[in-house]
Amino acid sequence: MPHPKRKISKTRRDKRRTHYKASAPSLGKCSNCGEMKLNHRACPNCGYYAGRSMFVPES
């Protein structure tokens, strides 16, 4: 099993990790019901995606 040649300092490690920021998911408006939903996902409110019903939500 290979070992690193030198220790990476905490500063160098932390500088690399500054780019690992969480980003907010992109939301879009459902074309059927108008609720906010994740893009490229079926709407959890009405079950529609691309104008077609994918599932019938419970409730």
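Heavy atoms only: backbone and side chains are in, while hydrogens, waters and symmetry mates are out. Being a predicted model, the structure only gives us computed values, none of them experimental. Numbers here are sequence positions counted from 1.
Between atom CG of residue Asn32 and atom NZ of residue Lys37 there is a gap of 10.5 Å, rounded to the nearest 0.5 Å. Atom NZ in Lys10 sits 11.5 Å away from atom CZ in Arg17 (nearest 0.5 Å). Here the CZ-NZ distance, from Arg12 to Lys7, works out to 13.0 Å after rounding to the nearest 0.5 Å. Taking CG of Asp14 as the start and OG of Ser9 as the end, the distance is 8.0 Å to the nearest 0.5 Å. Residue Glu35 holds its CD atom at 6.5 Å from SG of Cys43, rounded to the nearest 0.5 Å. Interatomic distance, SG of Cys30 versus CE of Met36, reported as 10.5 Å (0.5 Å rounding).
Between Tyr48 and the choices Ser53, Ser31, Cys33, the side chain to side chain contact (heavy atoms under 4.5 Å, CB included) rule is met once, by Ser53.
With a 6.0 Å radius and a threshold of 12 heavy atoms from other residues, nucleotides or ligands, Arg13 has its CZ atom above the threshold. Within a 6.0 Å sphere centred on CZ of Arg16, heavy atoms belonging to other residues, nucleotides or ligands number more than 12.
Taking the side chain as every heavy atom from C-beta outward, Leu27 and Asn39 never approach each other to under 4.5 Å.
Closest approach of Arg41 to Tyr49, counting heavy atoms only: O-CD1, 3.3 Å.
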